[in-house]
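For reference, the structure is listed below as structure tokens.
Values below: all heavy atoms of this structure, side chains included; hydrogens, waters and symmetry mates excluded.
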Amino acid sequence: MSKIKLYNINGTFLFEADSDKEIDRGGEGSIISHPKQRKQVIKLYHAGIKPNLTIDSWAFLNQLGNRFIKPNELLFDANGQLVGYSMNLLDKSFFRISQIFTKSQCTKLGITDAIKNKISKELISIVEEAHAKEIVLGDYNPY
């Protein structure tokens, strides 16, 4: 694709992001390498996607603890339109929850029933933390 100039909430130029440095993608957008922060990535929304994220919801999400992957900084284009955000990069010890749904993946990853139970309890705890702050997790899926 190309490079996109990104700005902060005040319209100050931050950096150019290279969409050719895509790590992954989903229905809403692409995850690309952060050009300045090695321990962060950028989510850029696909063209035509209207983000559900707003300045107000971003501030609200910042109540959540570090167990949550959440937007660090909102990113805007030159016209002031929200086009993405930065977030912390997950290290290699993380994996998609969907990988524990099959015996072959569990064997490959060394996932035991005890680990599955620990993950289940952590998921419950995370949902409870969000709900205690009146936050609804709208995109909770195994990916």
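Rounded to the nearest 0.5 angstrom, Leu6 CG and Leu74 CG are separated by 11.5 Å. Interatomic distance, Arg25 CZ to Ser30 OG, rounded to the nearest 0.5 Å: 3.5 Å. Here CD1 of Ile100 is found 9.5 Å from CD1 of Ile115. Values are rounded to the nearest 0.5 Å. The CG atom of Asn52 lies 6.5 Å from the CD atom of Glu28; values are rounded to the nearest 0.5 Å. Distance check, rounded to the nearest 0.5 Å: CG of Asn8 to CG of Leu14 gives 5.0 Å. In this structure, the separation between CG on Leu64 and CD1 on Ile69 is 11.5 Å, given to the nearest 0.5 Å.
Both Phe94 and Ile126 sit in one connected hydrophobic cluster of ILVMFWY residues. Membership requires side-chain heavy atoms under 4.5 Å apart, directly or through other members.
Between Asn88 and Asn72 there is a side-chain heavy-atom pair separated by less than 4.5 Å. At a threshold of 4.5 Å between non-hydrogen side-chain atoms, the residues Asp77 and Lys5 do not count as touching. Between Ser33 and Asp18, the closest side-chain pair of non-hydrogen atoms is not below 4.5 Å. Leu89 has its side chain out of reach of Gln40: every pair of non-hydrogen atoms, C-beta onward, lies at least 4.5 Å apart. For the pair Pro35/Ile42, a side-chain contact is recorded, criterion being any heavy-atom separation below 4.5 Å from C-beta on. Put simply, the side chain of Ile31 does not reach to within 4.5 Å of the side chain of Glu22, judged on heavy atoms. Residues Ile135 and Gln63 form a side-chain contact, since some pair of their non-hydrogen atoms from C-beta on lies under 4.5 Å apart.
Using a 3.5 Å distance cut-off with no hydrogens or angles, the side chains of Asp91 and Ser93 do pair a donor with an acceptor. Between Thr107 and Ser104, the side chains place no donor N or O within less than 3.5 Å of an acceptor N or O (distance only, hydrogens not considered).
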Working for side chain to side chain contact (heavy atoms under 4.5 Å, CB included), residues Tyr85 and Leu53: CA-CA 9 Å; Tyr85 56 85; Leu53 186 63; 3.5 Å; yes

Verdict with supporting geometry, Val127 and His131, side chain to side chain contact (heavy atoms under 4.5 Å, CB included): CA-CA 6 Å; Val127 171; His131 287 181; 3.4 Å; yes

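Residue pairs meeting the salt bridge (Lys or Arg N to Asp or Glu O under 4.0 Å) criterion with at least one partner in residues 47-76, sequence neighbours excluded, are Arg67-Glu122, Arg67-Glu129. Each ring-ring contact (aromatic ring centres under 6.0 Å, His included) pair with one or both residues in residues 25-73, not counting sequence neighbours, appears once here: Phe15-His34. For residues 108-120, the set of pairs meeting the salt bridge (Lys or Arg N to Asp or Glu O under 4.0 Å) definition, not counting sequence neighbours, is empty.
With a 6.0 Å radius and a threshold of 12 heavy atoms from other residues, nucleotides or ligands, Asn66 has its CG atom at or below the threshold.
Checked by atom type and distance alone, the side chain of Ser19 pairs as donor or acceptor with a backbone atom of Ser2 at under 3.5 Å.
Ring-centre distance between Phe76 and Tyr7: not below the 6.0 Å cut-off.
Each of Val41, Leu44, Ile4, Asp24 was scored for a side-chain contact (heavy atoms from CB on, under 4.5 Å) with Ile32, with one residue passing: Leu44.
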